[in-house]
Amino acid sequence: MRIPFVAGNWKMHKTVAEAVKYVKELRGLVKDVDGVEVVVSPPFTALHAAAEAARNSNVGIAAQDLHWEREGAFTGEVSGAMIREAGAEYVVVGHSERRTLFGETDATVNRKVAAACAAGLTPLVCIGETLDQRERQETFDVLDRQIRQGLDGLTGERIAQLVVAYEPVWAIGTGRNATPAQAAETHGHIRKRLRQWFGPDAAELCHVIYGGSVKPDNIADLVSQPDVDGALVGGASLDVRGFLEIVTRSRRAV
Ligand code: PGA
């Protein structure tokens with residue numbers, strides 16, 4: 001049984017002090033909230049302090065990116081081992097902002113996913129089509145390519161532990177979320193491919209969460225769809241009370 005998984009992607013927001021304050025507040029607010037996994041994703045600078053603030057709580061910590069090498073001459077980069085040691089258990093890989101603004105490809109996503117697993121981190125792998133691609137009816141082809149290439153070489157056991165975030169690029173930060181019907185159709189397709197390519201057990205256990213303009217007032221309709229196992233929340237996760245609303249409205253037996 002997959003329990004809903006809700007992650008707040010803070011992007012380039014919050015100082016160390018702001019991150020610690022938020023996490024301390026959140027851990028108190030969710031301490032008796034069960035039936036949902038709660039994760040927040042601070043920027044690198046606040047990762048360690050946020051992880052310390054979340055210690056022995058229901059709140060998990062994710063980094064927003066990693067490099068695929070363990071160490072080396074890669075100025076500006078951070079490795080999976082460093083992230084794990086800082087106290088995070090998760091890492092976002094292949095967010096559309098990384099793909100469009102920083103040149104990430106399915107090949108680099110694949111190396112990062114492997115590196116995350118090797119470092120003992122659970123990857124949250126982001127996939128999703130642009131508006132052009134959706135309008136040209138290419139959505140499923142794009143997702144198939146992102147899944148095939150991004151997850152190439154992973155075993156079914158790895159896939160079972162993974163979180164796949166379906167984030168239509170046209171819904172991110174636009175206020176225009178996918179409709180529950182669109183999410184249901186697309187998540188169903190993703191689950192079908194996971195089953196075909198990695199086996200029924202992997203597909204059954206892998207979380208497929210939705211991201212793109214998730215808000216307190218649309219989350220319940222989205223997670224009521226059979227294959228929508230939670231959410232990756234950007235803007236609406238920055239306010240701890242708003243994020244709490246999304247977390248509590250995500251609970252359901254999936
Ligand atoms: P948004 O971002 O919720 O602000 O649309 C989602 C994301 O980028 O993960």
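When a ligand or atom number is given, it counts from 1 through the structure's own listing order.
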* To do: Describe, in one word, how the ring planes of F140 and H189 are oriented to each other, choosing from parallel (under 30°), tilted (30 to 60°) and perpendicular (over 60°).
  =>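 Judged by the thresholds at 30° and 60°, the geometry between F140 and H189 is parallel.
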* Asked: What side chain to side chain donor-acceptor pair (under 3.5 Å) pairs are there with at least one residue in residues 234-243, not counting sequence neighbours?
  ->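 Pairs touching residues 234-243 that pass the test: none.
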* Residue pairs passing the salt bridge (charged side-chain N to carboxylate O under 4.0 Å, His left out) test where at least one lies in residues 183-203, sequence neighbours excluded -> D144-R193, R191-D227, R191-D229
* Of all residues at least two apart in sequence or in a different chain, which pass the side chain to side chain contact (heavy atoms under 4.5 Å, CB included) check with A236? ->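 A236: side chain to side chain contact (heavy atoms under 4.5 Å, CB included) contacts with K215, V233, I246.
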Short N or O contacts of ligand 1 with protein, under 3.5 Å, listed by atom name?
unit_1   : atom_1 : unit_2 : atom_2 : d
ligand 1 : 2 (O)  : K11    : NZ     : 3.3
ligand 1 : 3 (O)  : G234   : N      : 2.8
ligand 1 : 4 (O)  : G235   : N      : 2.9
ligand 1 : 5 (O)  : G173   : N      : 2.6
ligand 1 : 5 (O)  : S213   : N      : 2.8
ligand 1 : 8 (O)  : K11    : NZ     : 2.7
ligand 1 : 8 (O)  : H95    : NE2    : 2.6
ligand 1 : 9 (O)  : H95    : NE2    : 3.3
ligand 1 : 9 (O)  : E167   : OE1    : 3.3
ligand 1 : 9 (O)  : E167   : OE2    : 2.6

* Under 4.5 Å between any side-chain heavy atoms of W197 and I147, yes or no? -> yes
* Rounded distance (nearest 0.5 Å) linking atom CD of E37 with atom CD1 of I209 ->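 CD1 of I209 is found 10.0 Å from CD of E37.
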